[in-house]
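The structure appears right after this line, and notes come after that.
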Amino acid sequence: MLLLPDYRVRQRDLLLEIIRAMTAQLDLGEVLKLVLKASVAMLAGHGVGFIALRNPATDDYAIRAILNIDTDKLPELESQLAELVAGVSEGQKFDDLEDNLQQMAELIDPELRQLFPMPLVMAGEPVGLLLVFRDYVGVTTPNDLQMLKSFADQAAIAVHNAQLYERVNRERQRLDAFVRHSADGVMILDTQRKIVMFNPALERMTAWNSADALGCHEEEVIVWGVVEPGNLQDAMLAGWPKKPSQDDTPETRHVEGDIVRLDGLTLGVAITYVPLYSSDGKLVNVIANVRDITSFRRAQEMQNVFISGISHELKTPVALIKGYAGTLRREDASWDVQVIRDGLLVIEDEADRLTDLIENLLAASKLQAERMRLTLTDVRLDELAARAVERFQVQSSKHRFQLTFPAHLPVIQGDAAGLRRVFDNLLSNAVKYSPEGGVIEVGGSASEKTVSVYVRDQGVGISPDEQDHIFDRFYRVDGALSRKTQGTGLGLYLTKAIIEAHNGKIHVESKPGEGSTFIIILPLS
Ligand code: ADP
């Protein structure tokens with residue numbers, strides 16, 4: 001029987017130990033350190049070396065681990081390495097590149113005498129390059145070289161695994177960040193519908209904190225107040241999700257309703273459940289994407305209110321016009337001139353109201369499609385205000401109108417028709433929302449760069465909550481008075497759009513019960 005010499009046995013044991021340590025380690029930096037240390041120890045006892053890894057996307061090599069090399073020398077070493085690698089890819093062998101290798105050794109330390117290039121190759125693909133230098137010329141037997149080769153093969157596997165692990169980790173971090181910062185609520189359920197992941201957006205939506213929610217059954221956290229057409233429980237009882245066939249996209253489940261939050265408030269949400277299968281087709285997780293649908297519902301509600309409001313708005317003048325026209329046309333009656341004139345006046349006024357309404361609607365729908373276009377001319381805001389007040393004065397006997405402008409308000413560049421509509425909308429609101437009457441004051445002032453104008457009434461006022469919404473499209477405050485008064489919720493939306501197209505600003509100051517002041521600030525130039 002052939003006995004291995006003692007040092008061979010020791011070397012083999014050491015090698016096995018190193019390989020075990022290498023393959024158990026998944027941190028790429030640590031694996032590289034181990035490989036480098038072990039190879040230097042095997043070849044040189046003490047010595048110098050580095051490992052460069054290949055970037056498969058660019059085919060470039062970057063030095064990732066060094067042993068006993070001055071870091072100052074790294075940039076030059078990398079450029080020499082690039083030349084070396086270019087030589088290899090042109091079909092030369094490492095041994096043919098003796099000159100390049102020698103140059104590298106010189107750069108690191110002129111005392112270095114012998115070097116060993118070891119390509120790290122995994123399944124035919126280069127993974128990197130390991131270079132070890134020693135400061136003496138020693139004898140290397142074919143056995144030594146064979147052992148080095150198998151060591152390099154093992155090292156390539158360890159490096160490759162650590163690289164894969166690093167990549168998976170990076171992907172996971174990216175996914176974590178994505179879920180963490182998603183504006184939608186996201187949770188992951190296991191097959192028992194226990195929560196295994198719960199993101200911050202969902203914490204905000206449900207008032208649960210993630211630490212408490214983890215491990216809970218989904219039903220403890222997502223408590224449905226109203227739900228249609230059926231929750232996940234019903235869906236699962238009915239056999240959801242169907243086992244997917246090969247190229248099926250997974251069957252998602254959409255549930256919409258109101259959930260009761262931990263603090264007792266309710267929130268309208270839409271949840272989409274997506275099943276996640278293992279490679280052998282078993283359900284492993286369900287991912288739930290939870291969306292707050294409050295604003296969607298509000299938009300829908302506003303649209304509904306708008307449609308019923310607009311039909312009412314259209315019907316009233318049409319009914320009046322038809323009524324008066326019918327009455328005046330009656331053949332069995334003869335009207336005196338004054339009655340005919342009054343009747344025609346109503347018809348004319350109502351026709352004007354219809355035109356106004358249709359113009360507002362057209363302007364709003366046009367504004368949705370494109371930016372407002374202005375025709376700029378010199379505009380005197382005090383004159384526009386005075387004319388608007390004249391128009392309203394004849395319509396209302398309950399209100400007293402008051403104009404408070406300084407003697408020489410500067411002329412601005414503006415769109416006269418647009419600004420006229422602004423005054424009409426604000427004054428019509430001031431009249432509508434002060435049903436008891438009172439003073440309606442229109443005034444203004446100028447500063448160095450701006451002109452400001454206000455319209456003040458002593459009406460019902462607007463609560464702070466509502467003040468945030470009254471400039472929204474179709475928005476009407478839901479109150480007894482708005483239900484009684486005609487309106488479409490477009491007036492302030494258009495007013496704001498016109499002012500903003502002039503680079504101006506509009507805001508409201510108001511207290512419920514004490515009246516409102518709408519303030520507009522327009523730039524002078
Ligand atoms: P509307 O056609 O309903 O009048 P607007 O866009 O002009 O639409 O106004 C939106 C809402 O703002 C109104 O429904 C009303 O509730 C409130 N609002 C507007 N102006 C006033 C005001 N001067 N005083 C009190 N509430 C007002």
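Throughout, numbering of the chain's residues begins at 1 and tracks the sequence. All values below were derived from every heavy atom in this structure, side-chain atoms included, with hydrogens, water molecules and symmetry-related copies excluded. Counting convention: from 1, in listed order, for ligands and their atoms alike.
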With a 4.0 Å cut-off on heavy atoms, is [X] touching ligand 1?
{"X": "Lys432", "value": "yes"}
{"X": "Gly489", "value": "yes"}
{"X": "Phe471", "value": "no"}

By ring pair (Phe, Tyr, Trp, His ring centres under 6.0 Å), His469 pairs with (sequence neighbours left out) Tyr475
Can you report which non-hydrogen protein atom sits closest to [atom], along with the distance?
{"atom": "atom 23 (N) of ligand 1", "result": "Asp457 OD2, 2.8 Å"}
{"atom": "atom 10 (C) of ligand 1", "result": "Tyr475 O, 3.3 Å"}
{"atom": "atom 12 (O) of ligand 1", "result": "Ile470 CG2, 3.2 Å"}
{"atom": "atom 3 (O) of ligand 1", "result": "Arg476 NE, 2.4 Å"}
{"atom": "atom 2 (O) of ligand 1", "result": "Thr488 N, 2.7 Å"}
{"atom": "atom 7 (O) of ligand 1", "result": "Asn429 ND2, 2.8 Å"}

Between Asp415 and Thr375, is there a donor-acceptor pair closer than 3.5 Å when you use the side chain of the first and the backbone of the second?
yes
Note to self: Can a donor-acceptor pair be found, under 3.5 Å and without considering hydrogens, that links the side chain of Asn199 to the backbone of Val179?
What the structure shows: yes
Open item on the list: Whether Arg391 and Asp352 form a salt bridge (side-chain N of Lys/Arg under 4.0 Å from carboxylate O of Asp/Glu) is what I want to check.
Closed with: no
Next on the checklist: In the structure I gave you, are the side-chain heavy atoms of Leu426 and Ile520 within less than 4.5 Å of one another anywhere?
Outcome noted: yes
Heavy-atom side-chain proximity of Met197 to Val186 below 4.5 angstrom: yes
Sequence neighbours excluded, the answer for salt bridge (charged side-chain N to carboxylate O under 4.0 Å, His left out) partners of Glu125 is Arg54
Considering the heavy atoms of [X], write down every atom of ligand 1 situated less than 4.0 Å from one of them.
{"X": "Ser516", "value": "22 (C), 24 (N), 25 (C)"}
{"X": "Gly461", "value": "25 (C)"}
{"X": "Gly491", "value": "5 (P), 6 (O), 7 (O)"}

Nearest heavy-atom approach of Phe405 to Val442 is CE1-O, 3.8 Å
Looking only at heavy atoms, the pair that brings Gln458 and Ser434 closest together is C-CB, 4.2 Å
Looking only at non-hydrogen atoms, the one of Asp472, Asn425, Leu492 nearest atom 5 (P) of ligand 1 is Leu492
Looking at Leu490, Val477, Ile462, the heavy atom closest to atom 16 (O) of ligand 1 belongs to Val477
Assess, by modelled atom type and distance only, whether the side chains of Gln173 and Asn169 contain a donor and an acceptor separated by less than 3.5 Å. no
Examine Tyr433 against ligand 1 and note whether any of their N/O atoms are separated by less than 3.5 Å. yes
